[in-house]
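Sequential numbering from 1 along the given sequence is applied to the chain's residues. Order of listing sets the numbers, starting from 1, for every ligand and every atom in it.
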Amino acid sequence: MDHHVLEHYSKAGVPKGPLNDFLDSKTSPSFRYIRLNPRKNTNETLSSLDSASPVSWLPSSTNFYAIPNRTINVLQPYIDGSLYGMDCSSGAAVAALRLETVNNPVRVLDLCCCPCAKLCMIVDSLEHLSGCEVIGVDISGNRLNVGKKVVRKYLKGAACDVSLYQADGTTFPGPADDISASPSLVFDSRAEAQETNQQERKKMNKSAKSRERKRLAELMSSSPPSPGEKFDFVLIDAECSTDGALNQVKHKIKAGKDTATDSIRDKLLEEESLTSLQLKLLSNGFANLKDGGSLVYSTCSLSENQNENVVRAFLSSHPDAYIANVDFEASTPPPSIPGSLPGTLRFQPTLGPTTQESFSGSGFFLCKITKGRQKSNEKCSAFA
Ligand SMILES: C[S@@+](CC[C@H](N)C(=O)[O-])C[C@H]1O[C@@H](n2cnc3c(N)ncnc32)[C@H](O)[C@@H]1O
């Protein structure tokens, strides 16, 4: 592995020896994590799996389960949209918003949404309410094409209105500095409802596709995203160097890719421009938040620069923001450690085949921030 990347891991508390042993060994974690689609028959899905145990540190409404490690995309419940694979530490970013406790319709913004795993979890967490609106934004057209497929597969019949925009999250809903990245609506669940049948979609010919584009353009001109309309909740699962996703690095190495850590190295070498992007995303997410609303900033990097230091820089220029307590109110505490900034949470990668069902081992960081003045009884106490 590139010495720059190795050095980064050891600075982030991942010792060199165990890291190399982990990457060289043929063993994989004993468990992997899935989420069930609440609009399918979840009891039937569970009984079709040999053994699935709920992730006890997340609320049961998140529908997170650990199953013995296996390829998921050959399972029938995956094929028919009843479940998908998702790392439980990244699920913690959505769980921290506590959307399942909300009683009135809310608007939620997911500022870096693709491929939309967390956006699906956001929508599922609001399934008990009608009239909610979830907006996903991503700058990448290719990733939005994947995101649209995921949303079509898993969110059919959801209670929320869902729309996806190709836009720059540092300026949304306003126009981007680069005009080619100004918001354009690429998916809308209300327009989609008119193309109900999945089979029809598959056969969608050119004229049907151009009808769809026309409908989206009409929707966009009748109700363009307005800077005045703020959100109750915002998720900023920011672009990062992805070095926390060690299971993925290992997977690539096993597949014979010598270049497995090249993109991590390149992003770490350009870390200043990455942290500047992250700070702009966080600041614009906050600008889109209502007073009293909450946001979560998260990354799958272990770098303090991309995590605590971005939050520190943000807080220093936003006196109306404070770090809020994260409490999943589940039966067991999360397998996280406190970050170097009080109230922030880190999930350190677990090296080796873990026999615990509580954590698969990917590295992750999250911080919940509320807009307004902190009350004295809201002092943060990060999980120990
Ligand atoms: C970590 S991924 C998000 C994963 C996603 N939240 C999920 O759970 O499926 C980061 C995303 O940020 C997007 N991105 C990068 N720069 C952006 C920008 N300026 N505005 C909006 N999205 C951006 C990338 O295209 C990428 O899809």
Output side-chain donor-acceptor pairs under 3.5 Å for residues 9-20, partner residues at least two apart or in another chain, one line each.
| unit_1 | atom_1 | unit_2 | atom_2 | d |
| --- | --- | --- | --- | --- |
| Y9 | OH | D243 | O | 2.6 |
| S10 | OG | E7 | O | 3.4 |

Q.
Looking at Q248, I'd like to know if its CD atom is crowded, meaning that more than 12 non-hydrogen atoms belonging to other residues, nucleotides or ligands lie closer than 6.0 Å.
A. no

Q | Per atom 9 (O) of ligand 1, closest listed option by heavy atom (A117, A93, G91, S298) | A | A117

Q) According to the interplanar angle, ranging from 0 to 90°, do the rings of Y165 and F172 count as parallel (below 30°), tilted (30 to 60°) or perpendicular (above 60°)? A) tilted

Q. Looking at ligand 1, does any of its N/O atoms fall within less than 3.5 Å of an N/O of D110?
A. no

Q) Quick one: are L129 and N104 in side-chain contact, heavy atoms under 4.5 Å? A) no

Q: With the side chain counted from C-beta on, respond yes when H3 and R265 share a heavy-atom pair under 4.5 Å apart, and no when they do not.
A: no

**Q.** Residue and atom name of the nearest protein heavy atom (relative to atom 15 (C) of ligand 1), distance in Å to one decimal
**A.** E239 OE1, 3.4 Å

Q.
Measuring only between side-chain heavy atoms, which start at C-beta, is N63 closer than 4.5 Å to M121?
A. no

Q) Are F364 and Q348 side-chain neighbours, meaning at least one heavy-atom pair lies under 4.5 Å? A) no

Q: Provide, to 0.1 Å, the distance between atom 22 (N) of ligand 1 and the closest protein heavy atom, together with that atom's residue and name.
A: I139 N, 3.3 Å

Q: Check ligand 1 against C116 and write out every atom of the ligand that is under 4.0 Å from a heavy-atom position of the residue.
A: 7 (C), 9 (O)

Q: Give yes or no for whether the N/O distance cutoff of 3.5 Å, strictly under, is met between K118 and ligand 1.
A: yes

Q) Within the structure, does C112 bring an N/O atom to less than 3.5 angstrom of an N/O atom in ligand 1? A) yes

Q.
As an exercise, identify every atom of ligand 1 less than 4.0 angstrom from a heavy atom of C114.
A. 2 (S), 3 (C), 4 (C), 5 (C), 9 (O), 27 (O)

Q.
With heavy-atom distances below 4.0 Å as the criterion, list the atoms of ligand 1 near A167.
A. 20 (N), 21 (C)

Q) To the nearest 0.1 Å, how far is atom 19 (N) of ligand 1 from its closest protein heavy atom, and which atom is that? A) D168 OD1, 3.0 Å

(Q) Closer than 4.0 Å to some heavy atom of G169 - which atoms of ligand 1 meet that? (A) 18 (C), 19 (N), 20 (N), 21 (C)

Q: Provide the number and element of each atom of ligand 1 under 4.0 Å from a heavy atom of L111.
A: 21 (C), 22 (N)

Q: Begin from the C-alpha positions of S340 and R312 and carry the test side-chain hydrogen bond (donor to acceptor under 3.5 Å, both in side chains) through to its verdict.
A: CA-CA 10 Å; S340 66; R312 283 189 181 102; 3.2 Å; yes

Q. For Q76, does the CD atom sit with more than 12 other heavy atoms under 6.0 Å from it, leaving out its own atoms?
A. yes

Q.
Can you report which non-hydrogen protein atom sits closest to atom 11 (C) of ligand 1, along with the distance?
A. D138 OD2, 3.6 Å

Q.
If you define the side chain from C-beta out and look only at heavy atoms, does anything of E271 sit under 4.5 Å from S303?
A. yes

Q: Measure the distances from the heavy atoms of L277 to every atom of ligand 1 and state whether one is below 4.0 angstrom.
A: yes

Q) Tell me: protein heavy atom nearest atom 26 (C) of ligand 1, and distance? A) R143 NE, 3.2 Å

**Q.** Within-4.5 Å side-chain heavy-atom neighbours: L268 and H4
**A.** yes

Q: Give the atoms of ligand 1, by number and element, whose distance to some non-hydrogen atom of D237 is under 4.0 Å.
A: 1 (C), 3 (C), 4 (C), 5 (C), 6 (N), 8 (O), 10 (C)

Q: Kindly confirm or rule out an N or O of A238 lying under 3.5 angstrom from an N or O of ligand 1.
A: no

Q.
With a sphere of 6.0 Å drawn around NZ of K280, does it hold more than 12 non-hydrogen atoms of other residues, nucleotides or ligands?
A. no

Q) So is S140 polar-close to ligand 1, meaning N/O to N/O under 3.5 Å? A) no

Q) Where's the contact between S90 and ligand 1, heavy-atom distance under 4.0 Å: side chain, backbone, both or neither? A) neither

